[in-house]
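Atoms considered below: every heavy atom in the structure, side chains included; atoms not considered: hydrogens, waters and symmetry mates. Lettering of chains follows the sequences in order, A, B, ..., and the numbering in each one begins at 1.
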Amino acid sequence: MSFKRSFDLDVLEAVSSIPYGKLATYGQIADLIGAYGCARQVGWSLRRLPLPSRVPWYRVVNARGMISTSESREGTDWIQKELLIVEGIPVDNKWRVPLQKYLWREGTFSK
DNA sequence: AGAATGACGCTGA
DNA sequence: TTCAGCGCCATTC
């Protein structure tokens with residue numbers, strides 16, 4: 001099974017670490033699991049993620065602070081938008097979110 | 001093994 | 001600030 005891949009597990013673990021009401025980018029997650037430059041692979045792991053999931057995958061957006069819409073998602077992008085709004089994060093009509101305002105700071109101390 | 005794909009990122013125009 | 005192009009790297013055919 002694909003889930004046996006440690007990479008997927010690391011991604012899910014990192015994503016699960018995102019606090020409520022915060023956002024993270026694919027590149028940030030990749031870097032967090034020690035796979036800098038593998039932002040696309042993070043997207044793959046989330047893409048194959050089954051919907052009834054306890055993982056807050058919807059808190060992950062691209063570096064542009066925009067929800068990555070795609071044909072392959074069959075509307076999951078819309079679900080992501082709804083979930084973000086529920087957490088208090090406004091989503092623009094162009095699928096953009098105030099990333100710099102809600103960006104998750106791993107260190108938290110604004111370093 | 002080689003080529004194509006993709007829920008990305010960064011630089012330049 | 002928005003748009004287009006090139007680079008990364010694991011997965012899939």
The side-chain contact (heavy atoms from CB on, under 4.5 Å) partners of A:Glu13 (sequence neighbours excluded) come to A:Asp10

In numerical order, the residues of residues 19-28 of chain A whose heavy atoms come under 4.0 Å of DNA chain B are A:Thr25, A:Tyr26, A:Gly27

In whole angstroms, the gap separating C1' of C:dC9 from CZ of A:Arg47 amounts to 16 Å

Report, one line per pair, each donor and acceptor closer than 3.5 Å where one atom sits in a side chain of residues 76-86 of chain A; sequence neighbours left out.
residue: A:Thr76; atom: OG1; partner: A:Arg73; partner atom: O; Å: 3.1
residue: A:Thr76; atom: OG1; partner: A:Arg73; partner atom: NE; Å: 3.1
residue: A:Gln80; atom: OE1; partner: A:Arg73; partner atom: NH2; Å: 2.9
residue: A:Gln80; atom: NE2; partner: A:Tyr58; partner atom: O; Å: 2.9
residue: A:Gln80; atom: NE2; partner: A:Val60; partner atom: O; Å: 3.0

side-chain contact (heavy atoms from CB on, under 4.5 Å) filter on A:Ala24, not counting sequence neighbours, yields A:Ile18, A:Gln28, A:Ile29, A:Trp104

To the nearest angstrom, the CD-P distance between A:Gln41 and C:dT11 comes to 7 Å

Walking DNA chain B from its 5' end, the first of A:Val60 and A:Tyr36 to be reached, judged by nearest nucleotide, is A:Val60

Interatomic distance, CH2@A:Trp95 vs OG1@A:Thr69, rounded to 0.5 Å, equals 7.0 Å

Residues at least two apart in sequence or cross-chain that pass side chain to side chain donor-acceptor pair (under 3.5 Å) with A:Ser68, listed by chain then number, are A:Asn62

Please tabulate the protein-to-nucleotide N/O contacts below 3.5 Å involving nucleotides 2-6 of chain C, giving atom names and distances.
residue: C:dT2; atom: OP1; partner: A:Arg96; partner atom: NH1; Å: 2.7

Taken to the nearest whole Å, CG/A:Leu46 to P/C:dA10 is 17 Å

Outer limits of DNA chain B sitting under 4.0 Å from a non-hydrogen atom of chain A, read 5' to 3', are B:dT5 to B:dC10

Sorted by chain and number, sequence neighbours left out, side-chain contact (heavy atoms from CB on, under 4.5 Å) with A:Lys101 holds for A:Pro98

Residues 15-27 of chain A vs side-chain hydrogen bond (donor to acceptor under 3.5 Å, both in side chains), sequence neighbours excluded, gives none

With sequence neighbours left out, the residues meeting side-chain contact (heavy atoms from CB on, under 4.5 Å) with A:Asp31 are A:Tyr36

From CH2 of A:Trp44 across to P of C:dC8 the rounded distance in Å is 15 Å

Contacts of A:Arg64 meeting side chain to side chain donor-acceptor pair (under 3.5 Å) (sequence neighbours excluded), chain-then-number -> none

So salt bridge (charged side-chain N to carboxylate O under 4.0 Å, His left out) across residues 52-62 of chain A, not counting sequence neighbours, yields A:Arg59-A:Glu87

With clusters defined by side-chain heavy atoms of hydrophobic residues (ILVMFWY) lying less than 4.5 Å apart, directly or transitively, does A:Val61 cluster with A:Trp44? no

